[in-house]
J.: 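Next up is a structure, given as structure tokens.
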There are 2 protein chains.
Amino acid sequence: MSKVIDCPLNYTMNLIGTKWKPLILFHLLEGEVRSGILQKKIQGISNKMFTQTVRELEKDGLVLRKVFPVVPPKVEYCLSKRGKSLETVLRGLDAWGLEDLEV
Amino acid sequence: MSKVIDCPLNYTMNLIGTKWKPLILFHLLEGEVRSGILQKKIQGISNKMFTQTVRELEKDGLVLRKVFPVVPPKVEYCLSKRGKSLETVLRGLDAWGLEDLEV
DNA sequence: TAACTATACTACTTTTTAGTAAGTTATTGC
DNA sequence: GCAATAACTTACTAAAAAGTAGTATAGTTA
């Protein structure tokens, strides 16, 4: 069950190598957003996956979650310092896709 | 079934966002290798996943496969031009993991 | 002639990831 | 008192990814 880390790349992929994680992090590069707004930016994500993914990212210390005790609820997300450190990598992945699509 | 591409990052992840793909590509950065040797470098991969993954990478034009008609079989893999263009991204992911592990 | 070799394929099972649809909350505004 | 609101949460199902174990190949060596 334990995830063996044989190389750092493996570690990185275990952390963000899923369908939605990089996408959410990428959209958070623009800055703090309300939960509902962020979700609408992620085309095609289901409500369940959005909540689940964002919560995992929070658990892993990549995003910060701010809950405002109001009704109806208000929640905001933003990148943590650790999350921000992924910026280069995320933009790199995005840029590669753009390049590759053009060819 | 069709994979909707809402942003280039999504496209990239659909192409290489699985458990073993980045790892195999990363090890191929070192150059051409025989199948068996490559497989041994990928710690923990099963024979099935290795074959399956490498073949998908070939199908997607990221690696090249050279078959030598000898017995016992001899097969070599190397990165295609398109595969090589992932170098920066792959090294970026690896470097991030290294950094993050150290903190 | 039987074992050994390197590579791959197949059938089957388990695990992980993702999707659907419905329910929960507490306050505001009609 | 009932709908609308934003953000979940839960139970259930479906699909994708990964793992296990066994089989095929055809020359070479013991």
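Each chain gets a letter, A, B and so on, in the order its sequence line appears, and its residues count up from 1.
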J.: From CD1 of A:Ile45 over to C1' of C:dT17, roughly how many Å is that when rounded to an integer?
T.: 12 Å
J.: At less than 4.0 Å, is any side-chain N or O atom of B:Lys19 found next to OP1 or OP2 of D:dG19? Yes or no.
T.: yes
J.: In whole angstrom, what separates B:Asn10's CG from C:dA18's P?
T.: 12 Å
J.: From CG of A:Leu23 over to C1' of C:dA18, roughly how many Å is that when rounded to an integer?
T.: 14 Å
J.: Just how far, in rounded Å, is C1' of D:dA15 from CG of B:Asn14?
T.: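 Roughly 15 Å, once rounded to whole Å.
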J.: Roughly how far, to the nearest 0.5 Å, is CG of A:Leu28 from CD1 of A:Ile42?
T.: 7.5 Å
J.: Ring-plane angle category for B:Trp96 and A:Tyr11, please: parallel below 30°, perpendicular beyond 60°, tilted otherwise.
T.: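 It falls in the parallel class, under 30°.
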J.: From NZ of B:Lys74 over to C1' of C:dT7, roughly how many Å is that when rounded to an integer?
T.: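 Value for this atom pair: 13 Å.
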J.: Would you indicate what B:Ser46 reaches in the nucleic acid, counting non-hydrogen atoms under 4.0 angstrom: base, sugar-phosphate, or nothing?
T.: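 It contacts base atoms.
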J.: C:dA11, OP1 or OP2 - any side-chain N/O from B:Lys48 closer than 4.0 Å?
T.: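 B:Lys48 to C:dA11 OP1/OP2: no side-chain N or O under 4.0 Å.
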J.: Cluster question for you: counting only ILVMFWY and a side-chain heavy-atom cut-off of under 4.5 Å, with indirect links fine, are A:Val33 and A:Tyr77 together?
T.: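 Yes: a chain of side-chain contacts under 4.5 Å links A:Val33 to A:Tyr77.
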J.: Rounded to whole Å, how long is the line connecting atom CG of B:Leu38 with atom C1' of C:dA8?
T.: 15 Å
J.: Give A:Tyr77 one of three labels, base, sugar-phosphate or nothing, depending on what nucleic acid heavy atoms sit under 4.0 Å from its own.
T.: sugar-phosphate
J.: On a heavy-atom basis, which atom in A:Thr53 and which in A:Lys21 lie closest, and how many Å separate them?
T.: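 Scanning both residues completely, I find the closest heavy atoms to be CG2-CG, 3.5 Å.
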J.: Do any side-chain nitrogens or oxygens of B:Thr51 fall under 4.0 Å of OP1 or OP2 in C:dC9?
T.: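 False: B:Thr51 side-chain N/O out of range (4.0 Å or more) of C:dC9 OP1/OP2.
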J.: Under 4.0 Å: is that the gap between some side-chain N or O of A:Arg55 and OP1 or OP2 of D:dT9?
T.: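 Yes, because at least one side-chain N or O of A:Arg55 sits under 4.0 Å from OP1 or OP2 of D:dT9.
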J.: A:Pro72 has a side chain; which of D:dT5, C:dA6, D:dG19 sits nearest to it?
T.: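 Nearest to the side-chain atoms of A:Pro72, counting from C-beta on, is D:dT5.
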J.: So, B:Glu76 and B:Arg65, do they make that salt bridge, N to O below 4.0 Å?
T.: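 B:Arg65 and B:Glu76: not salt-bridged.
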J.: Over how many whole Å does the gap from A:Gln52 atom CD to D:dT10 atom C1' extend?
T.: 12 Å
J.: Taking atom P of D:dC8 as reference, at what distance in whole Å does atom CZ of A:Phe68 sit?
T.: 12 Å
J.: Looking only at side-chain N and O atoms, does B:Arg34 come under 4.0 Å of OP1 or OP2 in C:dT5?
T.: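 Answer no for this pair, as no side-chain N or O of B:Arg34 is under 4.0 Å from OP1 or OP2.
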J.: Which residue, A:Val71 or A:Met49, contacts DNA chain C at a nucleotide closer to its 5' end, judged by nearest heavy atom?
T.: A:Met49
